[in-house]
Amino acid sequence: MRWSDLFAPTLRDAPADASTANHRLLVQGGFIRQLHAGHYSMLPLGMRVYVKVEQIVREEMNRIGGQEFLTPALHPASLWQRSGRWESMGEEMFRLADRKGADLALGMTHEEVFADLAREISSYRDLPQIWYQIQMKFRDEPRPRSGLLRVREFAMKDSYSFDLDDEGLDRSFDRHHRAYTRIFERLGLPAIPVAASSGAMGGTGSTEFMVPSPTGEDDVVRCGSCGYAANRERAASAVEPVADNEAGPEAPVRFPTPGVRTIEALAEAEGGAPADRQIKTMVMALDGAVTLVLLRGDHQLELQKLRDGAGAAEVRPAQAAETVERLGASPGSLGAVGVRGLRILADHALAGRRNLTTGANEDDWHLSGVDVGRDIAVDEWLDLREVAAGEACTVCGSPLEVVRCIETGHIFKLGRRYAEALGATVLDPDGVERTITMGSYGIGIGRAMAAVAEIHHDDKGLVWPVPVAPYEAVITVAAARDEAAAAAGSRLYEELGDRGVEALLDDRDARAGVKFADAELIGVPWRVTVGRALADGVVELTERATGTTERVAVDDVADRLAETIAEMHGLMAGV
RNA sequence: CGGGACGUGGCGCAGUCAGGCAGCGCACCUGCUUUGGGAGCAGGGGGUCGCCGGUUCAAAUCCGGCCGUCCCGACCA
């Protein structure tokens, strides 16, 4: 491609509304443009990167035996009604009606569609299967953000595995795990696999692939010494037990605490107790049912753990009126002692604790001497505590770190839920009808691209890894009007093309500084500068990532570059 | 959904408080000069000032309503 023919509207100034690196640089470099919030157009440069990401994903899916499909984005409501998700998906699903009034949805994922197709698998002999597609998903996100990181319309590689039993699912899951590891390696993304919450997807287990970046939206809890890693939504840690050695009273004792409304205030108050000897009582609505959730005073609630542990789809803090109605007091003076008729969930860290302090369910009064086992009717003990940095790893005891990450992939063991709902069964060797066991696996193409941009850039612009770079090399003809230089540039362009190098020839009639700045902004890995030294038969070869420049004979440079780039491809592909 | 900021040629911004010809830089077009780190000079094209309504002789500017975009949080496969 000649730059003079390329539509790559680079901007001198960064767009004002882009605060994250991927957003700012992809817009400034002329890769993408926004149509409206959460919807972006791919421009020619962006499309080249996008296609390469897609192709790497495709190659690795094919390598594990995946078969490529393409299914519709517009689905009939009836399909989603069969799985129950027409109701449960809520406002995140785009819904519309056709001219006849039939309800339709824009697909946000395709478990139902593929499970429906899988009804045509009729024998265990045809299992396992891995089916995938790279196709648009639509999700009415409450808040699209961070450029391509969270959008409402995006291409996703989604795959679905079909096996006879759990052992088969484990194998399909492991194959995907390996494929994902290779994909992220080739993309230049340092993704770490972590144990994750399955959320609304359901199933027996899931693994997320997380790329550390401050732009991310998830926290990963990680042990630097044994390698334990989990999403904070389900991570565990060991807590130092608190010794309750003083024997408490026979029964809880009421004491006045005028104006005390917080854990901190109670720790300071007359007759109060330190936070780790208090019970934090939170009133939550779990699918609408008012529930008491108890934690140690100095611990924080992890909402997703509550959701997962209690099996609730929707969790929210109770409204003030609900709280007063059920407990007779306002937040700040709440407690679970003597409470009847409400479900009580407690965090493990409270088990066996004695002589604690908590609210008395009367404003301005608290109770001391509370013995959890004796005084509180806990219905269920759960892990509800948010892990904090520095707490001990449950595996090896080392201090844990909390790292902000971008979720670039998520793989799920689904089990039989969707196959059951859609009626996907096979006959086993004994002629018995068995429901197929499924897994589902996703990578967002645009998000992966955004993650690469977040990881690989500097103050001059993007620094694409070779496998996803829009062009592998740019030939910068410093003085386009110099006929000898222009001819040498064209010849180099041909030579690189002959050797399979994707080159961009910057033949624009612009000043050298403009061309250098643009080449750096769009992040092409190698630049060949045809300039003054051409008179000596020499050009300059500059590596974008390091900025190092080498003088190379013009007759050798095509071979040199082709070799270097081939090596980089090989390394990245793990060959 | 709660909080905050913003909306003026393609991009970045000033002008709004205090109503009075819509401006600046970059980009774009023409010419001349320049030509290895975002050139100079001269000339030129391009904007219903987010939308609707109101006040006023007069509205980018004041008032009301709405829409949109970004950020934080909530939420999130």
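Just so it is clear: chains get the letters A, B, ... in the order the sequence lines come, proteins before strands, and each one is counted from 1.
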How many whole angstroms separate atom [atom1] of [X] from atom [atom2] of [N]?
X: A:R508; N: B:C28; atom1: CZ; atom2: C1'; answer: 14 Å
X: A:H23; N: B:C11; atom1: NE2; atom2: P; answer: 12 Å
X: A:N22; N: B:C70; atom1: CG; atom2: C1'; answer: 14 Å
X: A:F7; N: B:C28; atom1: CZ; atom2: P; answer: 13 Å
X: A:F154; N: B:C76; atom1: CZ; atom2: P; answer: 15 Å
X: A:H39; N: B:C70; atom1: NE2; atom2: P; answer: 10 Å
X: A:R307; N: B:A74; atom1: CZ; atom2: P; answer: 11 Å
X: A:L303; N: B:C76; atom1: CG; atom2: P; answer: 8 Å

(request) Tell me whether the OP1 or OP2 atom of B:A39 has a side-chain N or O from A:R511 closer than 4.0 Å. (result) yes
Report yes if the distance between the aromatic ring centroids of [X] and [Y] is under 6.0 Å, otherwise no.
X: A:F138; Y: A:H75; answer: no
X: A:F31; Y: A:W464; answer: yes
X: A:F184; Y: A:F209; answer: yes

Just to be sure I understand the rule, does [X] reach a base, reach only the sugar-phosphate, or reach nothing, if contact means heavy atoms closer than 4.0 Å?
X: A:D482; result: nothing
X: A:R447; result: nothing
X: A:A517; result: base
X: A:S206; result: nothing
X: A:E91; result: nothing
X: A:A478; result: base

Quick check for you: among [options], whose closest atom lies nearest to any side-chain atom of [X]?
X: A:P142; options: B:C11, B:G36, B:A74; value: B:A74
X: A:S19; options: B:G36, B:C71, B:A39; value: B:C71
X: A:Y40; options: B:C76, B:A39, B:C70; value: B:C70
X: A:L11; options: B:C76, B:C11, B:G36; value: B:C11
X: A:A37; options: B:G12, B:G37, B:U69; value: B:U69
X: A:S146; options: B:C71, B:G37, B:C76; value: B:C71
X: A:D13; options: B:G37, B:G36, B:G12; value: B:G12
X: A:R150; options: B:C11, B:C76, B:G37; value: B:C76
X: A:R481; options: B:C76, B:U35, B:C75; value: B:U35

Could you tell me which nucleotide pairs with [N] by Watson-Crick or G-U wobble geometry, both distances under 3.5 Å, or answer none if nothing does?
N: B:A27; value: none
N: B:U61; value: none
N: B:C75; value: none
N: B:U35; value: none
N: B:G7; value: B:C67

(request) Answer yes or no: is there an ion pair linking A:R551 with A:E540, defined by an N-O contact shorter than 4.0 Å? (result) no
(message) Check this for me: does any side-chain nitrogen of one of A:R307 and A:E302 sit under 4.0 Å from a carboxylate oxygen of the other?
(response) no
So, does the side chain of [X] form a donor-acceptor pair with the base of [N] at under 3.5 Å?
X: A:R143; N: B:G3; result: no
X: A:E520; N: B:G37; result: yes
X: A:Q34; N: B:G68; result: no

What distance, rounded to whole Å, do you find between the two [atom1] atoms, one in [N] and one in [M]?
N: B:G44; M: B:A5; atom1: C1'; value: 37 Å
N: B:C28; M: B:C11; atom1: C1'; value: 12 Å
N: B:U61; M: B:C52; atom1: P; value: 12 Å
N: B:A14; M: B:U8; atom1: C1'; value: 10 Å
N: B:A39; M: B:C26; atom1: P; value: 10 Å
N: B:A74; M: B:G3; atom1: C1'; value: 11 Å
N: B:U48; M: B:A22; atom1: P; value: 13 Å
N: B:C32; M: B:G25; atom1: C1'; value: 23 Å

(request) May I ask you to decide if the ring planes of A:Y180 and A:H176 are parallel, tilted or perpendicular, using 30° and 60° as cut-offs? (result) perpendicular
(request) Report the relative orientation of the aromatic rings in A:Y160 and A:F114; use parallel for angles under 30°, tilted for 30 to 60°, perpendicular for over 60°. (result) parallel
(message) Tell me whether the count of non-hydrogen atoms from other residues, nucleotides or ligands lying under 6.0 Å of CZ in A:R95 goes above 12.
(response) yes
(request) Evaluate whether atom CZ of A:R222 has more than 12 neighbouring non-hydrogen atoms of other residues, nucleotides or ligands under 6.0 angstrom away. (result) no
(message) For A:A14 and A:R145, find the nucleotide of RNA chain B closest to each by heavy atoms; which residue's nucleotide sits nearer the 5' end?
(response) A:A14
(request) Could you check A:M156 against A:Q28 and say which one's nearest nucleotide on RNA chain B is further toward the 5' end? (result) A:Q28
